Amino acid sequence: MVTALHSNDIKEQILELKEKRNAVILVHNYQVGEIQDIADYVGDSLGLSYHAKKAEAEVIAFCGVHFMAETAKIINPSKTVVLPDKDAGCSLEQSCEGDKLDSFLRENAEKNYYVIAYINCSAHVKALSDCICTSGNAVKIVESAPKDRPILFVPDQNLGSWVMERTGRKMDLWQGSCYVHVEYTRESILKIREEHPDAELIAHPECTYAVRMLSDEVCSTEKMINYARNSKSKDLIIATESGMLHRLKKEVPEKNFIPAPTQNCACSECHFMKMNTLEKLRDCLYTLEPQIVMPEEIRARAEEPILKMLSLSA
Ligand code: 13P
Ligand code: SF4
């Protein structure tokens, strides 16, 4: 009871500060339920990018991970963008450092790569890319790439190989991966499918080939909502970060959602996503720190491939 009162107090403080700061609260599907419930918009990386671009409020409080808030700042630079916890990173972003990609492209200059970067990367990597994609539009972005140039896809090898399967287009893949999604294995998925033989299984494309092969649908977090709503199955097994279950249960209450187990635990939590809390959201609205800042030269170069993505997938 004390905890409930406490969190209600914090929610009121957040709403007051939101008003005072003229802020909008954008939230990713993997955030804890209480942050999702206070959002102006909850969605996947693509939906969040569109909302960040058109945001008119003076402040964008971005509850997600750093690359998402950074993307918001890149495409709507006159806004103050705050992220409740500045250390909320991403293993995919960490797997592809801008300097390493820069050296790789220089060493392979004769290839004249068309670089497609999954949005889970730094501003520096975006600035070195020709077009950005998300899991929601990767197939479309790859299909629209010039046919006469080889594609380098960074940083997620699993999303990249799924797109190759879907499009038949060969690409060179950077060897990054999401530390959460690679924890699902063939064995852990076979076991849960055996326990729920009538359930459909939906997996995120950051999962490995072995897991994707055992799934009924592979899609972005946003598309999971529609798929679940329209599925004929009453039970659905979800192979993605646990925060997704909050929105699925809320928006599709007539279905049962079963979190897919990983090999070593049943947690499926992205510790980066879970660094944001209601308290930190309140504090960042109060202090307007930590703020997303970056050199203008990088921002301007990173903006182009993001805008290209937004116009290609509109
Ligand atoms: P979505 O764009 O599908 O929400 O995925 C983002 C992400 O970080 C998945 O791990
Ligand atoms: Fe990055 Fe994986 Fe966390 Fe998504 S779930 S933010 S890809 S580490």
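Whatever order the structure lists ligands and atoms in, that order sets their numbers, starting from 1. Just so it is clear, the structure is predicted and the values come from calculations on it, not from any experiment. Sequence positions, counted from 1, serve as the residue numbers for this chain.
- Between Ser220 and ligand 1, no pair of N/O atoms sits closer than 3.5 Å.
- Of all atoms in ligand 1, listed by their number and element, those nearer than 4.0 Å to a heavy atom of Tyr30 are 7 (C), 9 (C), 10 (O).
- Protein heavy atom nearest atom 7 (C) of ligand 1, with residue, atom name and distance: Glu206 OE2, 3.6 Å.
- Considering backbone and side-chain N/O atoms, Thr134 never comes within less than 3.5 Å of an N/O atom of ligand 1.
- For atom 3 (Fe) of ligand 2, the nearest protein heavy atom (residue, atom name, distance) is Cys270 SG, 2.4 Å.
- When only non-hydrogen protein atoms are considered, atom 1 (Fe) of ligand 2 lies nearest to Cys90 SG, 2.4 Å.
- Annotation for ligand 2: atoms under 4.0 Å from non-hydrogen atoms of Leu92 are 7 (S).
- Short contacts between ligand 2 and Asn120, defined as distances under 4.0 Å to a heavy atom of the residue, involve ligand atoms 7 (S).
- Of all protein heavy atoms, the one lying nearest to atom 5 (O) of ligand 1 is His204 NE2, 3.3 Å.
- For atom 2 (Fe) of ligand 2, the set of nearby N, O or S atoms under 2.8 Å includes one belonging to Cys178.
- With hydrogens and angles disregarded, a donor-acceptor distance shorter than 3.5 Å links the side chain of Arg193 to the backbone of Ala199.
- Of all protein heavy atoms, the one lying nearest to atom 8 (O) of ligand 1 is Asn120 ND2, 3.2 Å.
- Here the protein heavy atom with the shortest distance to atom 2 (O) of ligand 1 is Ser45 OG, 2.8 Å.
- Annotation: His28 is not in aromatic contact with Phe62 [ring centroid separation under 6.0 Å not met].
- Remark: ligand 1 and Asn29 share no N or O pair separated by less than 3.5 Å (distance only, no angle test).
- With ring centers used as reference points, Phe104 lies under 6.0 Å from Trp174.
- Taking a 4.0 Å cut-off on heavy atoms, Lys223 fails to register as neighbouring ligand 1.
- Contact atoms of ligand 1 toward Asp44: 1 (P), 2 (O), 4 (O) (distance under 4.0 Å to a heavy atom of the residue).
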